[in-house]
Amino acid sequence: MKIKILSTSDVHGYLYPTNYSDRKDHQDYGLLKCATKIKQIKAQADPDEWVITIENGDFIQGSPLTYYTAKKNEKWRSIYMQMTNAIGYDAGVLGNHEFNYGMAYLKQCEAKRSYPILGANLHEQDGIVDAPYKIIERNGLKVGIIGLTTQFIPHWELAEHIKNWQFESAVKAAKKWIPIMRKQADVVIAAYHGGFECDLATGEPNEQLTGENEGYQLLKEVSGIDALVTGHQHREIATICQGVPTTQPGEKGKFVGEIELQLDAHHKIQKRQTELLSVADVKPDSELVELTTKLQNEVEDWLDQPMGQVEGKMRVTDPMAARLNGHPYLSFINQVQMAATGADLSATALFDNDVGGYNPTVTMRNIVNSYVYPNTLAVLKITGADLKAALERCGSFFTRDEKGNVSVSAIFREPKIQYYNYDVYSGINYAFDLDKLVGERLIALSYHGKLVADDQNLEIVLNQYRAIGGGSYPMFGAGKIVREVQIDMTELISDYFVKHPVVTAIKEENIRIK
């Protein structure tokens, strides 16, 4: 007998093959394409072939469409489960971004599922998680699926969104539940919304061992896992790690992960193989297109709404130059943050290289495509020493080769891209020397024209992710927050344009890189 384990992960609400840059944009990804691929594989399966499907989290947040269903028209929230039910998933796992819009949104999006949400390391009172694991059976063969989610969610998420939840180490939970499952199942699948903290070949750590990603440790310390489905890092992985087939299918529905297990008559695994199945060559599933067309049209109409005007240039055409030298778009975001909070020191990031900035006529499309996260704001009281440490972290973002060419340091590119962990500041003047060692690159820092002292008290506004130390910024933290603005940044930007219908593109000359 053969088992095929198909998985999607980190779709982030990209149902249609578009990045929403304009109405005519077309990309080779999206859940509608994944649905076609999954249905094709199921239809072509031999009688002795069992196709098992898993949705591995970060599904209902991350695109203009999900923002629309979360903030503008809640009647569409049931669409997510209508789609996954139609695809026919056998199990689902919560991702960290499932919590971003709060529990009411999560409950509505997950209602009326035809499959269970599994979470062995999640302890909650909101009635979302159905069970730690599930045993399914076909022709006498029993397969167990355990669900696991990164334990690091409390380090990122607003406290009110997870007030009835506790998050345990995935490894600890697996050590408890896998032996129980092994007594009931012939094959055990671990579905983990988390990634790998170590190099898959050598086992050497390739990131700080915070517990955010425990995939390598999971396979090293927990025996009895026959297949591992992962996500969270947006990596494209199909391999055998420590003898266990594992996949991670990227993001936005670019691939369907496939693990194939061949079993003998005694249900013992004889052969293992993995593959990432591209969906570029298939058309969107017609059933789901019919189900979602009205929603998609509403989203496109909403995105085309004009919100304001820009005098000057606020388009981002060179992301690297914007990070090196600052950019009017980043200055504008800092301006919005300072106006919303009263702080006169602010930092923000160019989240990825797809951020386009604003056209002369700013539409909602410009706003939500450039600011893709549902961040709120926090003002922190920090010291000059804290500020210097944060800037040194930013200074480590760059590296320079022997020819003098500047690029992004490997630690911000591998094992996953982390452009969102480099900030550009307003309200200070500062300089880096990239020829100096990491940790010693900040060579100038002034605030209101005066050098910043280590014991000086300052107030800075940051998005909530950075404010609690996200992105390896331990010099910040929840204990230093003095006030918050619990309004999504996209709404704050929109409101700013209501108050200031015309804004001027200004490039601050406050950054110098030597």
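Only this structure's heavy atoms are used, side chains among them; waters, hydrogens and symmetry mates stay out. Note that the structure is predicted; figures quoted are calculated from it, not measured.
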Given S78, which partner from the list E74, Q82, M81, K75 fulfils the side chain to side chain contact (heavy atoms under 4.5 Å, CB included) test?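 Going through the options one by one, the only one that passes is Q82.
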Salt bridge flag under 4.0 Å for residues [X] and [Y]:
X	Y	answer
D130	R113	yes
D423	R466	yes
E258	K4	yes
D28	K254	no
E110	K107	no
K416	E207	no

Is there a ring-ring contact (aromatic ring centres under 6.0 Å, His included) between F196 and Y216? Walk through the geometry before answering. CA-CA 5 Å; F196 291 96; Y216 195 89; 7.4 Å; no
Before you tell me yes or no, could you show the steps for H232 and W156 under ring-ring contact (aromatic ring centres under 6.0 Å, His included), namely the whole-Å CA-CA distance, both residues' side-chain angles and the distance that decides it to 0.1 Å? CA-CA 14 Å; H232 182 55; W156 306 309; 5.7 Å; yes
For D386, all residues meeting salt bridge (charged side-chain N to carboxylate O under 4.0 Å, His left out), sequence neighbours excluded: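 Residues passing salt bridge (charged side-chain N to carboxylate O under 4.0 Å, His left out) with D386: K480.
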Side chains of N100 and E157 only: does a donor on one sit below 3.5 Å from an acceptor on the other?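 Their side chains do contain a donor-acceptor pair, which is all the 3.5 Å distance test asks for.
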Just checking, is any N or O donor in the side chain of H97 or Q61 under 3.5 Å from an acceptor N or O on the other one? yes
Begin from the C-alpha positions of Y329 and T348 and carry the test side chain to side chain contact (heavy atoms under 4.5 Å, CB included) through to its verdict. CA-CA 10 Å; Y329 167 74; T348 192; over 6 Å; no
Assess whether ring-ring contact (aromatic ring centres under 6.0 Å, His included) is satisfied between F167 and F99, documenting all intermediate values. CA-CA 13 Å; F167 301 86; F99 297 89; 5.8 Å; yes
Is there a side chain to side chain contact (heavy atoms under 4.5 Å, CB included) between L261 and V187 once you walk through the steps? CA-CA 9 Å; L261 306 176; V187 174; 3.8 Å; yes
For this output row, return yes or no: ring centroids of Y422 and F398 closer than 6.0 angstrom.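 Close enough - the centres of the two rings lie under 6.0 Å apart.
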For H12 together with H234, are the ring centres under 6.0 Å from each other?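 Ring-ring flag for H234/H12: true, centres closer than 6.0 Å.
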Would you call the rings of H155 and F152 parallel, tilted or perpendicular, where under 30° means parallel and over 60° means perpendicular? parallel
Hey, mind stepping through F255 and Y29 against ring-ring contact (aromatic ring centres under 6.0 Å, His included) and telling me if it holds? CA-CA 8 Å; F255 298 94; Y29 55 60; over 10 Å; no
Name each donor-acceptor pair under 3.5 Å that joins a side chain in residues 271-279 to protein atoms two or more places apart or in another chain, with its distance.
| unit_1 | atom_1 | unit_2 | atom_2 | d |
| --- | --- | --- | --- | --- |
| T274 | OG1 | A238 | O | 3.3 |
| T274 | OG1 | T239 | N | 3.0 |
| S278 | OG | A280 | N | 3.1 |

Salt bridge (charged side-chain N to carboxylate O under 4.0 Å, His left out) partner of D226, the single match among K142, K268, R182: R182
According to the ring pair (Phe, Tyr, Trp, His ring centres under 6.0 Å) rule, which pairs have a member within residues 169-190, sequence neighbours left out? Y133-W177
Candidate pair V299 and Y20, rule side chain to side chain contact (heavy atoms under 4.5 Å, CB included), full reasoning: CA-CA 9 Å; V299 172; Y20 292 99; 4.0 Å; yes
Test log, rule side-chain hydrogen bond (donor to acceptor under 3.5 Å, both in side chains), inputs E204 and N206: CA-CA 6 Å; E204 291 296 316; N206 51 21; over 6 Å; no
